[in-house]
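This one's a predicted model, so the numbers in the text were calculated from it and none came from an experiment. The sequence lines fix the lettering, A, B, ..., with proteins before strands; numbering per chain opens at 1. Atom set for the values below is all heavy atoms of this structure, side chains included, hydrogens, waters and symmetry mates excluded.
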Amino acid sequence: MTRHLITSAIPYINGIKHLGNLVGSQLPADLFARYQRARGAEVLFLCATDEHGTPAELAAAKAGKPVAEYCAEMHAVQAEIAKGFALSFDHFGRSSSPQNHRLTQHFAGRLADAGLIREVSEKQMYSNADGRFLPDRYIEGTCPNCGYDRARGDQCENCTKQLDPTDLINPRSAISGSTDLEVRETKHLYLRQSALKDQLDAWIDSKSDWPVLTTSIARKWLHDGDGLQDRGITRDLDWGVPVKKGDQDWPGMEGKVFYVWFDAPIEYIACAAEWTQATGRPDAEWERWWRTDKGADDVRYTQFMGKDNVPFHTLSFPATILGSGEPWKLVDYIKSFNYLNYDGGQFSTSQGRGVFMDQALSILPADYWRWWLLSHAPESSDSEFTWENFQASVNKDLADVLGNFVSRITKFCRSKFGEALPEGGAWGEAEEKLVADLTARIREYEGFMDAIEVRKSAAALRAIWVAGNEYLQSVAPWTTVKTDPDRAAMQVRMGLNLVRLYAVLSAPFIPQAAARMLGAMNTLDTEWPGDVAAALQALPAGHAFSVPEVMFAKITDEEREDWQTRFAGIRT
RNA sequence: GGCGUGGUAGCUCAGUUGGUGAGAGCGCCGGAUUCAUAACCCGGAGGUCGGCGGUUCAAAUCCGCCCCACGCUACCA
């Protein structure tokens with residue numbers, strides 16, 4: 001049996017994520033995880049919150065809370081929202097977990113032993129008023145190039161010139177506004193990625209089946225300019241994993257923590273350890289997913305992320321793994337996504353622009369969002385969310401094509417035969433043709449799902465729904481019933497079995513609706529249709545069912561206009 | 001500036017290594033139907049495949065140049 005390790009890029013802790021974040025990582029990862037489980041594979045699907053770094057500290061300060069407390073609360077909030085979207089994580093961990101502390105320190109120790117860490121002494125801006133070092137972007141001042149007075153220390157947003165914080169005229173802290181800044185000398189650890197460049201390059205070259213978006217970004221970083229650069233993996237912060245060499249102190253690194261991008265991917269591993277602890281399993285259970293010397297050899301590991309995360313997953317994290325010299329599982333496939341835009345602009349967490357996950361759930365069931373987002377996933381290029389498109393797609397696909405199919409067949413059966421599958425009749429040409437047609441379409445759907453072609457999978461699934469409507473239309477049981485009730489009974493049985501089949505096939509996309517369909521069909525049989533003819537006879541004559549409430553209420557023009565207005569501005 | 005990704009019907013997008021008259025869904029128009037959430041089903045109109053030039057018997061598909069959009073450019077994550 002295939003074993004699938006699946007991770008979604010871990011969302012940052014400082015607030016609720018928007019739909020663009022969701023569609024780029026957690027949602028497609030969930031689609032794949034649910035599909036693989038449905039196919040009978042053993043799946044471990046992990047996600048977590050990414051909790052370290054300056055933005056978390058600042059968000060906590062703004063909320064007037066200790067950072068640990070803030071993160072714990074936000075983790076609970078994000079976990080609840082994930083549940084609302086029916087994201088089926090086996091564990092939703094935290095990068096601040098003790099497991100991640102230990103593993104991060106362990107990896108750093110191994111890398112140091114391998115000679116892949118070097119110490120660099122550098123100058124950084126220190127704010128006396130804030131009592132902290134400031135990352136470049138948290139220093140503001142006047143651009144020496146264009147005179148823009150809110151240029152950031154890394155780049156001027158007005159003229160796009162790249163800057164060094166010391167270039168700024170009248171620099172000030174973006175946090176407090178204080179101008180009491182000074183340049184201080186500080187020591188940091190750098191991961192010698194450059195030493196692993198050839199190894200990484202060859203590894204990327206071997207991944208000819210990866211999305212171009214993934215490999216092109218990786219190659220750019222490998223080959224651009226002077227090639228892959230070493231990367232600082234420590235920071236002068238309080239909140240994070242204390243710098244240690246394994247369980248030993250690291251002289252000269254007192255009071256420093258690892259850089260969030262060093263410890264965040266390691267959380268993928270630590271999260272598995274959190275999972276075993278949380279579920280009372282022995283350590284060997286997570287090691288058989290992550291250690292190739294302990295059973296992970298036959299694991300297929302797939303990562304999901306937005307394109308901004310690709311460099312860290314294709315280069316930095318693999319450098320950590322390879323550099324450790326230990327038999328950790330490397331990723332087998334990286335599925336990356338472009339951005340989802342919102343009504344002509346970008347979704348923006350910092351600017352509060354767009355629809356956020358909690359807001360989305362407050363106006364419509366998760367399945368509406370899941371279906372639209374997945375069927376419009378930004379795979380080949382950035383895509384755009386508009387309320388008109390959302391309304392039209394959801395109404396047509398979910399309400400008209402799928403929901404109405406369930407409605408018409410269940411109601412017709414109830415009115416002519418009662419609430420149980422009617423007896424009589426035998427399959428004829430139309431049914432054989434339907435089976436052949438569906439078999440081809442289901443095999444196509446499986447192919448797309450296996451390849452993680454999200455939009456194509458959605459289109460294939462939709463075509464399967466349409467086939468049911470075509471069948472009903474062509475055999476017309478409402479006509480047959482007048483002259484040949486046995487034949488009509490057989491046609492209705494077919495229609496009701498289609499409802500169960502659709503529930504099974506659609507569950508990865510719309511799990512809540514699928515559960516309702518199975519409930520209405522009064523069955524727990526979710527077996528994947530290897531043999532379509534058999535699957536369409538799973539519910540026998542005499543099997544009781546019920547007519548479900550409207551599966552998908554349509555989005556009205558009034559609602560759409562209301563939401564359009566309500567979400568046009570900036571979230572406060 | 002450099003790099004990357006896109007620019008195919010009104011909209012959202014498919015189009016492996018160049019090869020039968022350029023496709024799908026939505027929208028629109030028409031027809032059929034009445035079981036159903038004014039739903040479903042059938043048919044139709046609609047495109048000089050961003051522009052120019054080149055290679056070729058043959059290019060949306062390869063090459064060059066240009067235009068446009070978006071992204072990245074390495075200590076925000």
Pairwise [atom1] distance, [M] and [N] [rounded to whole Å]:
N     : M     : atom1 : result
B:A45 : B:A22 : P     : 14 Å
B:G7  : B:G51 : C1'   : 11 Å
B:U16 : B:C29 : C1'   : 36 Å
B:C13 : B:C40 : P     : 23 Å
B:A24 : B:G43 : P     : 10 Å
B:U12 : B:C72 : C1'   : 25 Å
B:G46 : B:G25 : C1'   : 15 Å
B:U8  : B:C3  : P     : 24 Å

**Item:** Residue whose nearest RNA chain B nucleotide is more 5′ - A:Val401 or A:Tyr339
**Value:**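 Between the two, 5'-proximity favours A:Val401.
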**Asked** For RNA chain B, whose closest nucleotide is more 5', that of A:Gln124 or that of A:Ser375?
**Response**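 Its nucleotide being nearer the 5' end, the pick is A:Ser375.
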Expressed in angstrom and rounded to an integer, what is the separation of [X] atom [atom1] from [N] atom [atom2]?
X        : N     : atom1 : atom2 : result
A:Trp221 : B:U73 : CH2   : C1'   : 8 Å
A:Gln391 : B:G27 : CD    : P     : 11 Å
A:Leu496 : B:C35 : CG    : C1'   : 12 Å
A:Leu222 : B:U73 : CG    : P     : 16 Å
A:Phe405 : B:C41 : CZ    : P     : 11 Å
A:Arg219 : B:U5  : CZ    : P     : 10 Å
A:Asn389 : B:C26 : CG    : C1'   : 8 Å
A:Glu470 : B:C41 : CD    : P     : 6 Å

**Item:** Aro-ring/base stack A:Trp478-B:C35, d under 5.5 Å, angle under 30°
**Value:** yes
Checking base pairs now: Watson-Crick or wobble, both atom distances under 3.5 Å. What partners [N]?
N     : result
B:C35 : none
B:C13 : B:G23
B:C70 : B:G4
B:G18 : none
B:G44 : B:C28
B:C65 : B:G51
B:A60 : none

**Prompt:** Using a cut-off of less than 4.0 Å, is there contact between a side-chain N or O of A:Lys456 and OP1 or OP2 of B:G15?
**Reply:**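 Checking A:Lys456 against B:G15: at least one side-chain N or O falls below 4.0 Å of OP1 or OP2.
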Among [options], the nucleotide that comes nearest once only the side chain of [X] is considered:
X        : options             : value
A:Gln229 : B:A74, B:C72, B:A36 : B:A74
A:Gln473 : B:C35, B:C26, B:C76 : B:C35
A:Phe412 : B:A74, B:C35, B:A77 : B:C35
A:Tyr259 : B:A36, B:A77, B:U12 : B:A77
A:Asp400 : B:C26, B:C13, B:U37 : B:U37
A:Arg408 : B:A77, B:U37, B:C40 : B:C40
A:Val550 : B:U37, B:C26, B:A74 : B:U37

**Prompt:** Are a donor atom and an acceptor atom from the side chains of A:Glu122 and A:Thr186 found within less than 3.5 Å of each other?
**Reply:** no
May I ask you to say what [X] touches in the nucleic acid, namely base, sugar-phosphate or nothing, with a heavy-atom cut-off under 4.0 Å?
X        : value
A:Glu122 : base
A:Asp50  : sugar-phosphate
A:Val481 : nothing
A:Ala459 : nothing

**Asked** Counting only distance, no hydrogens or angles, is the base of B:A39 paired donor-acceptor with the side chain of A:Asn404 under 3.5 Å?
**Response** no
**Request:** Cation-pi check, A:Lys335 to A:Tyr333: give yes when NZ or CZ is under 6.0 Å from the six-membered ring centre and within 45° of the ring axis, no otherwise.
**Result:**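 Because its charged atom misses either the 6.0 Å distance or the 45° angle limit, A:Lys335 does not stack over A:Tyr333.
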**Request:** For the residue pair A:Tyr268 and A:His313, categorise the inter-ring angle as parallel (less than 30°), tilted (30 to 60°) or perpendicular (more than 60°).
**Result:**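 Taking A:His313 first and then A:Tyr268, their aromatic rings sit tilted (interplane angle of 30° to 60°).
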**Prompt:** Does A:Asp50 come within less than 4.0 Å of A:Arg94, counting only side-chain N to carboxylate O?
**Reply:** no
**Request:** Give a yes or no on whether a salt bridge exists between A:Lys433 and A:Glu431, defined as a side-chain N under 4.0 angstrom from a carboxylate O.
**Result:**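 A salt bridge is absent here (no side-chain N lies under 4.0 Å from a carboxylate O).
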**Asked** How close do A:Ala319 and A:Leu200 get, heavy atom to heavy atom, and via which atoms?
**Response**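 Shortest heavy-atom separation between A:Ala319 and A:Leu200 comes out as N-CD2, 4.1 Å.
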**Item:** Atom of A:Asp130, atom of A:Ser173 and distance for their closest heavy-atom approach
**Value:** OD2-OG, 2.6 Å
**Prompt:** For A:Ala553, which residues count as a side chain to side chain contact (heavy atoms under 4.5 Å, CB included) partner, sequence neighbours excluded?
**Reply:** A:Tyr368
